Asker: 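Structure in structure tokens, see below.
Both backbone and side-chain heavy atoms feed into the values below; hydrogens, waters and symmetry mates do not. Please read these numbers as outputs of a predicted model, since none were measured by experiment.
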Amino acid sequence: MKSAWAIYRHMTRTARPSTASGRRKWFANALHSAWEVAKQAAAEAIKTAALRVADQVAALKAEILNLDCKPFGIRIAAERRALAVELSKLETA
């Protein structure tokens, strides 16, 4: 509930709905956002070490693919090599 109020205060810092129903809708959106963040934090806390490593491996592979899509004039060799080394460390662990 504290995070929902923080989100609501942040949303209403510059503009505020003029009606009570508008304020309720904004607070409902803030509650929804806070609930989503709490669910994601709970899911992250439950993850095992193997799942975290798998997520890191997937993120590194995606980053390597993004590097490969850069124009030819941009030098990516050093960054790609560093990512490949980090990926190989994670895959062997």
Asker: If you take all heavy atoms of Ala34 and Ile7, which pair is closest and at what distance?
Answerer: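 Minimum heavy-atom contact is N-CD1, 3.9 Å.
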Asker: Membership question, hydrophobic clusters at under 4.5 Å side-chain separation (ILVMFWY): are Trp35 and Trp26 in the same one?
Answerer: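 No, no single cluster joins them.
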Asker: Could you measure the distance from the CG atom of Leu65 to the CG atom of Leu83? Nearest 0.5 Å is fine.
Answerer: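 Reported value, rounded in 0.5 Å steps: 11.0 Å.
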Asker: CD1 of Ile74 to SG of Cys69: how many Å apart, nearest 0.5 Å?
Answerer: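 SG of Cys69 is found 11.5 Å from CD1 of Ile74.
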Asker: I'd like to check the salt bridge (Lys or Arg N to Asp or Glu O under 4.0 Å) partners of Lys39; sequence neighbours left out, ordered by chain and number.
Answerer: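 Per chain and number, Lys39 pairs via salt bridge (Lys or Arg N to Asp or Glu O under 4.0 Å) with Glu36.
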Asker: Nearest 0.5 Å please: distance from the CD atom of Glu86 over to the CD atom of Gln56.
Answerer: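 One finds 7.5 Å between CD of Glu86 and CD of Gln56.
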Asker: Using the rule that two of Ile, Leu, Val, Met, Phe, Trp, Tyr join whenever any of their side-chain heavy atoms come within less than 4.5 Å, decide whether Met1 and Tyr8 are in one cluster.
Answerer: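 Yes, Met1 and Tyr8 fall within the same hydrophobic cluster.
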Asker: Just how far is it from atom CD1 of Ile76 to atom CD1 of Ile64, taken to the nearest 0.5 Å?
Answerer: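 Between atom CD1 of Ile76 and atom CD1 of Ile64 there are 10.0 Å.
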Asker: Could you pull out the closest heavy-atom pair between Arg52 and Ala45, with the gap in Å?
Answerer: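 For Arg52 and Ala45, the tightest heavy-atom pair comes out as NH2-O, 4.0 Å.
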Asker: With rounding to the nearest 0.5 Å, note down the distance linking OG in Ser33 to NE2 in His10.
Answerer: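 Reported value, rounded in 0.5 Å steps: 11.0 Å.
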Asker: Indicate yes or no for a side-chain donor-acceptor contact from Thr19 to the backbone of Gly22 under 3.5 Å, with no hydrogens or angles considered.
Answerer: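 It does hold such a pair.
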Asker: Quick one: which residue pairs count as a side-chain hydrogen bond (donor to acceptor under 3.5 Å, both in side chains) with a foot in residues 64-74, not counting sequence neighbours?
Answerer: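 Only Asp68-Arg80 qualify under side-chain hydrogen bond (donor to acceptor under 3.5 Å, both in side chains).
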Asker: Tell me, do Glu63 and Glu79 make a side-chain contact under 4.5 Å, heavy atoms counted?
Answerer: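 Yes, side chains in contact.
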Asker: Please tell me whether Val53 and Leu60 are part of a single hydrophobic cluster in this structure, the criterion being side-chain heavy atoms less than 4.5 Å apart.
Answerer: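 Linked within one cluster.
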Asker: Shared ILVMFWY cluster between Leu31 and Val37, side chains joined below 4.5 angstrom?
Answerer: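 Leu31 does not cluster with Val37.
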Asker: I need the minimum non-hydrogen distance between Thr12 and Pro17, along with the two atoms involved.
Answerer: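 Heavy atoms only, the tightest pair is CG2-CD, 4.5 Å.
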Asker: Test of understanding: with salt bridge (Lys or Arg N to Asp or Glu O under 4.0 Å), list the residues that count as partners of Lys47, not counting sequence neighbours.
Answerer: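 Listed in chain order: Glu44, Asp55.
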